[in-house]
Amino acid sequence: MLSEPRSGRLAAWGNALLAGFVSPDDAALAMVGDDAVHRVEGLPGESGPVGLTLAMGRLRTLGVTGLRVALPAPGHPLGLSGPPEFNARALEAEEAVVGFGAPYGLVPEVYEAGPEGDVHVEVLWHCLPVREAPPADVPSLGEAERELAEALRDATRVLSRLDVAGSGPVAEAALDAYRARAEAGREVLAPGYPPRAVRVLELAQRVGLLISLAYENGHGGAVSASEMAARGQALRPVERTARRAQVAAYNAYVEERERG
């Protein structure tokens with residue numbers, strides 16, 4: 001949860017590109033991030049995979065005026081609108097980008113390539129038809145912010161009681177790394193997003209860090225079966241809330257367009 005999903009980077013910088021806030025080259029560079037290369041296959045009018053710059057131009061020509069994010073999980077089709085074929089691919093990847101203005105969506109397929117010791121990541125985005133309908137279970141920014149604050153407060157209380165909120169050198173190192181990134185002024189969202197979206201996404205990422213630390217530090221003080229069950233019950237709704245908040249933040253650009 002702490003690291004930015006690839007669909008989030010593509011949607012955020014794709015929206016900035018579509019709005020004219022960034023150049024095609026700068027947008028493509030930000031979308032790729034630390035990966036080696038991203039390509040898009042299945043675009044109407046293209047016979048094979050193309051680079052991100054050409055793909056964004058093609059989507060614009062096809063009528064796409066904005067991009068939304070979906071972060072589905074089993075039993076929770078967050079951000080999806082169908083059809084079933086697209087939903088199934090997105091659920092397998094655990095993320096997708098859904099076009100606004102034209103019925104096209106993108107689902108990533110991630111590959112590792114290169115010899116041992118020099119492995120790099122390549123991403124192939126599959127362009128597929130989507131249903132033009134409201135995305136599933138996406139809250140407003142205001143709702144997401146309130147839900148996050150409540151979930152974080154409740155989870156912290158339970159996890160602290162069970163001694164699994166994250167402690168020790170590994171947890172401290174992760175917290176220090178997060179603080180260093182925040183202090184370096186990293187760009188949480190692309191240009192053009194409202195400040196509240198940035199605030200919600202930052203909070204969702206902090207909540208995601210708490211969840212990761214709780215899972216990665218074993219059972220902590222939760223040594224009994226009942227205490228372990230209590231930990232799981234505390235974490236699951238918080239994790240769901242954080243994912244919903246992430247999607248709300250990434251989708252804020254399109255939501256503002258819809259409101260005019």
Side-chain angles (χ1 to χ4, degrees), residues 4-33 35-72 77 79-93 95-111 121-136 138 187 189-194 197 247-260:
E4 188 177 27
R6 290 181 173 89
S7 56
R9 287 203 308 267
L10 191 144
W13 288 92
N15 285 329
L17 174 61
L18 291 170
F21 289 114
V22 296
S23 71
D25 289 344
D26 288 344
L29 187 63
M31 291 175 189
V32 171
D35 299 330
V37 64
H38 284 218
R39 297 180 69 78
V40 182
E41 69 89 26
L43 280 166
E46 300 294 341
S47 58
V50 300
L52 286 174
T53 301
L54 179 56
M56 289 299 109
R58 175 66 67 187
L59 288 172
R60 187 202 297 268
T61 301
L62 291 168
V64 173
T65 59
L67 299 168
R68 288 186 171 114
V69 169
L71 296 178
L80 297 175
S81 57
E85 294 81 6
F86 182 83
N87 286 5
R89 293 286 291 268
L91 181 58
E92 183 179 359
E95 61 177 314
V97 173
V98 180
F100 174 72
Y104 301 100
L106 303 171
V107 179
E109 188 171 359
V110 181
Y111 302 90
V121 174
E122 299 180 0
V123 180
L124 180 65
W125 294 87
H126 299 277
C127 182
L128 302 164
V130 297
R131 182 179 298 145
E132 293 185 281
V138 179
E187 205 156 13
L189 279 171
Y193 274 83
V247 172
Y250 286 122
N251 293 4
Y253 171 83
V254 172
E255 305 313 320
E256 287 205 342
R257 285 185 62 90
E258 280 191 303
R259 289 197 298 270

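For this chain, numbers begin at 1 and follow the sequence in order. Values reported hereafter were calculated over all heavy atoms of this structure, with side chains retained and with hydrogens, waters and symmetry mates removed.
Between Pro72 and Asn87 there is no side-chain heavy-atom pair separated by less than 4.5 Å. Between Leu54 and Glu46 there is a side-chain heavy-atom pair separated by less than 4.5 Å. Using a 4.5 Å heavy-atom threshold, the side chains of Leu59 and Leu106 count as touching. When side chains are defined from C-beta on, Val69 counts as touching Asn251, because their heavy atoms get closer than 4.5 Å. Considering only heavy atoms from C-beta on, Pro24 stays 4.5 Å or farther from Met56 through its side chain. Proximity of Pro49 to Leu124: side-chain heavy atoms (C-beta onward) are separated by under 4.5 Å at one or more points.
Between Leu189 and Ala249 the shortest heavy-atom distance is CD1-O, 4.3 Å. The heavy-atom pair separating Ala27 from Leu17 by the smallest distance is CB-CB, 4.0 Å. The two residues Ser81 and Pro134 come nearest to each other via the heavy atoms CB-O, 3.9 Å. Contact detail for Gly79 and Val98: the closest heavy-atom pair is O-CG2, 4.2 Å. Nearest heavy-atom pair across Pro191 and Val22 is CG-CG1, 3.9 Å. Between Ala252 and Ala197, the shortest heavy-atom contact is CB-CB, 3.8 Å.
Atoms CD and CG, on Glu85 and Leu128 in that order, are 9.5 Å from each other to the nearest 0.5 Å. In this structure, Trp125 CH2 and Leu10 CG are separated by 5.0 Å, a value rounded to the nearest 0.5 Å. One distance of note links CG of Leu71 with CG of Leu91; it measures 11.5 Å at 0.5 Å rounding. Between Leu67 atom CG and Tyr253 atom OH the span is 9.0 Å, to the nearest 0.5 Å.
Judged purely by atom type and a 3.5 angstrom limit, Thr65 uses its side chain to pair as donor or acceptor with the backbone of Phe100. At distances below 3.5 Å, not a single donor-acceptor pair connects side-chain atoms of Asp35 with backbone N or O atoms of Val121.
Between Glu122 and Arg39 there is no salt bridge, since no side-chain nitrogen of the basic residue lies less than 4.0 Å from a carboxylate oxygen of the acidic one.
For the residue pair Asn15 and Tyr193, a side-chain donor N or O sits within less than 3.5 Å of a side-chain acceptor on the partner.
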Exercise. Give the C-alpha distance, both sets of side-chain angles, the deciding distance and a yes or no for side-chain contact (heavy atoms from CB on, under 4.5 Å) between Leu52 and Val40.
Key: CA-CA 7 Å; Leu52 286 174; Val40 182; 4.0 Å; yes
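Under the side chain to side chain donor-acceptor pair (under 3.5 Å) criterion, Glu41 pairs with His126, sequence neighbours left out. The side chain to side chain donor-acceptor pair (under 3.5 Å) test applied to Ser23 returns Asp26, not counting sequence neighbours.
The environment of Glu109 atom CD is dense: over 12 non-hydrogen atoms of other residues, nucleotides or ligands sit within 6.0 angstrom.
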